[in-house]
Structure formats: structure tokens, C-alpha cells
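Count residues from 1 along the sequence.
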Amino acid sequence: MQQKPAPTRVKLHDIIQNRWSPRAFDPGKPVSHDDLLALLEAARWAPSCFNGQPWRYVVCDRATDETGWQHAFATLAEKNRRWAKNAPVLILAVAMDNFSHNGQPNRWSMYDTGAASLSLCLQATAMGLIVHQMGGFDAEKAREVFNLPGDCKPMAMMAVGYQTDVGVLDDDFKEAELGARSRAALIEQFYAGQWGRGIE
């Protein structure tokens, strides 16, 4: 598996430093049911406001539910279909709009669902799996094909599986797959005490 550790200012835990978003999925290697459960357990134990747990996940495992997987695949933007066709599992992340304990609007639901999704991604990294999260999908089509309730927001589609050689990708994806990772400098986006005073 190709490693692309983040070039950080200080050393991070290996799971965080090594998590990235490859597109080169091995189409011949399914994810076991127990490994899928481990990913979902990691998401289940994420923090949330009032322990509201607003996340919901629709898991589409091609090995056990070809129809569900095809429904998920059909929601993807065309560019994402070109590489996600090899992912054995597609997972739709959904944020519920309201708290379950009192029915009131939960303005933290998307934040909390993102935290749960990151927990899933980190668990995947620890297990030798890869995850690529996608915003490029048709949320309204996802509502239709998965019969989602009205009080939720489809947030992202996640491709899950095992990494393989970059040769499975079209040429225009290979540069991103092989290129160096980058982020804005800490001083540009992390502030000390007040907005705009970059932390050193």
C-alpha cells in the first residue's frame, strides 16, 4: 500500500499522519462483515452534542447487496464514478436535523456527523483499509433511492476498501494519487487568542 504521510510541523500519531484519501481501490478484495462493523462501531462512539448521535449511515456492500451498491453508485457525479466503480463498499453519511430526545432543531448535527465520519476513517486507516469521502453526489437522488426521511441531510458518500496499484486509475487521476500532500500553514488558519493572529 502506498504511504503518503502528512508532512507535519510536529510528529503526530501514525493513524492521523497516515490517513489520506486514495482513489485506487482493489475491485477484487471485499471488506469483511466484521471489518465493516468495526468501522461503524468507531463512528458510533464519536462525541456528539447532548449525546444526540445525529449520524445515520446507509452501508452498501457490493458483495452482499449489489442492488444497494448500484443505487449508491448511481448517485455519484460522473467523475467520481470513474474510480469509485472499484470500491467494494459505498457508505452514505446522513445527519438528522433534530434532536431525538426533544425533537428540537440540532444545529450541531452536521458537525457531529463529520466527527463520526472521521472516526470511521481513522479506524479504517488503523485496519489497513482506505476511505475516500465524496461531496460529489446527488443528495436528492440519494433521498429517493434510499427512501430517506424528510428531516435529514445527506452529507457525503464514502468509498471504502483496500488500496491497489495506481494503474487501475485513468491517467488524469494518477497525478493526484502520486503527488505530494499539502495543507495551508498553521499561521494562516489557526489563531492565537483572536481572529487573524496566526499561531506560531
Side-chain angles (χ1 to χ4, degrees), residues 19-31 33 35-37 39-44 46 48 52-100 103 105-124 129-164 168-174 176-177:
R19 186 223 59 80
W20 65 294
S21 303
R23 292 181 177 87
F25 284 85
D26 186 340
K29 193 170 181 183
V31 180
H33 184 67
D35 285 351
L36 274 177
L37 290 180
L39 302 186
L40 303 181
E41 279 287 356
R44 183 166 81 108
S48 61
Q53 304 166 55
W55 48 77
R56 303 291 185 272
Y57 292 90
V58 181
V59 181
C60 302
D61 182 354
R62 192 170 198 171
T64 60
D65 182 6
E66 176 74 23
T67 299
W69 188 94
Q70 289 293 345
H71 283 162
F73 185 74
T75 71
L76 298 181
E78 181 57 37
K79 187 174 182 180
N80 285 332
R81 290 184 195 183
R82 289 167 51 205
W83 58 265
K85 64 185 179 184
N86 292 325
V89 177
L90 295 171
I91 301 177
L92 176 66
V94 177
M96 302 306 295
D97 293 336
N98 303 311
F99 284 111
S100 56
N106 179 359
R107 77 175 184 88
W108 303 276
S109 65
M110 292 183 285
Y111 180 91
D112 292 345
T113 300
S117 295
L118 179 57
S119 292
L120 185 155
C121 291
L122 293 176
Q123 180 66 28
L129 290 159
I130 59 171
V131 179
H132 191 109
Q133 300 182 80
M134 295 170 272
F137 76 104
D138 186 330
E140 291 310 308
K141 188 167 188 176
R143 285 186 185 279
E144 178 185 342
V145 298
F146 294 120
N147 195 30
L148 302 183
D151 60 340
C152 71
K153 290 183 179 64
M155 298 303 301
M157 190 71 75
M158 297 185 283
V160 181
Y162 289 92
Q163 192 178 11
T164 193
V168 302
L169 296 174
D170 295 342
D171 287 343
D172 54 340
F173 290 122
K174 290 178 182 175
E177 195 82 356

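- When all heavy atoms of P22 and V131 are compared, the pair lying nearest together is CD-O, 4.4 Å.
- Y57 places a side-chain N or O within donor-acceptor distance of the main-chain N or O of S117, the cut-off being under 3.5 Å.
- What you find for F25 and P88 is that their closest heavy atoms are CD2-CD, 4.4 Å.
- Distance alone, capped at 3.5 Å, is enough to place a donor-acceptor pair between the R143 side chain and the C152 backbone.
- Residues passing the ring-ring contact (aromatic ring centres under 6.0 Å, His included) test with W69 are F73, sequence neighbours excluded.
- For the pair S100/Q53, no side-chain contact is recorded, criterion being any heavy-atom separation below 4.5 Å from C-beta on.
- Inter-residue side-chain proximity for W108 and P54 is flagged as unmet; no heavy-atom pair is nearer than 4.5 Å.
- Contact check for H33 versus T64: no side-chain heavy atoms found under the 4.5 Å cut-off.
- Residues that satisfy the salt bridge (charged side-chain N to carboxylate O under 4.0 Å, His left out) test with D151, not counting sequence neighbours, are absent from this structure.
- Under a 4.0 Å N-O distance rule, the pair K141/E144 does not qualify as a salt bridge.
- Separating the CD atom in E140 from the CG atom in L148 is a distance of 9.5 Å, to the nearest 0.5 Å.
- Within the 4.5 Å cutoff, the side chain of F137 has heavy atoms near those of the P154 side chain.
- Interatomic distance, K29 NZ to Q163 CD, rounded to the nearest 0.5 Å: 11.0 Å.
- The shortest heavy-atom contact between A46 and S119 is CB-OG, 3.9 Å.
- At a threshold of 4.5 Å between non-hydrogen side-chain atoms, the residues L129 and L39 count as touching.
- A salt bridge (Lys or Arg N to Asp or Glu O under 4.0 Å) with D170 is found for exactly one of K85, R81, K79, R82, namely R82.
- In this structure, L92 and A142 approach most closely via the heavy-atom pair CD2-CB, 4.0 Å.
- For R23, there are no salt bridge (charged side-chain N to carboxylate O under 4.0 Å, His left out) partners two or more places apart in sequence or in a different chain.
- Here the CG atom belonging to D65 is positioned 9.0 Å from the NE2 atom belonging to H71, to the nearest 0.5 angstrom.
- Considering all non-hydrogen atoms of both residues, A72 and M157 come closest at O-CE, 3.8 Å.
- Between the side chain of D61 and the backbone N or O of A63, at least one donor-acceptor pair lies under 3.5 Å.
- When the side chain to side chain donor-acceptor pair (under 3.5 Å) test is applied to S21, the partners found at least two apart in sequence or on another chain are R19.
- Every salt bridge (charged side-chain N to carboxylate O under 4.0 Å, His left out) that R62 has, sequence neighbours left out, goes to E66.
- Nearest heavy-atom pair, L169 versus K174, reported as atom, atom and distance to 0.1 Å: O-CE, 3.0 Å.
- A distance of 7.0 Å separates CG of N80 from CZ of F173, quoted to the nearest 0.5 Å.
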Where do V94 and T113 land on the side chain to side chain contact (heavy atoms under 4.5 Å, CB included) test, with the steps shown first? CA-CA 7 Å; V94 177; T113 300; over 6 Å; no

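- Residues satisfying the ring-ring contact (aromatic ring centres under 6.0 Å, His included) test with H132, not counting sequence neighbours, are W83.
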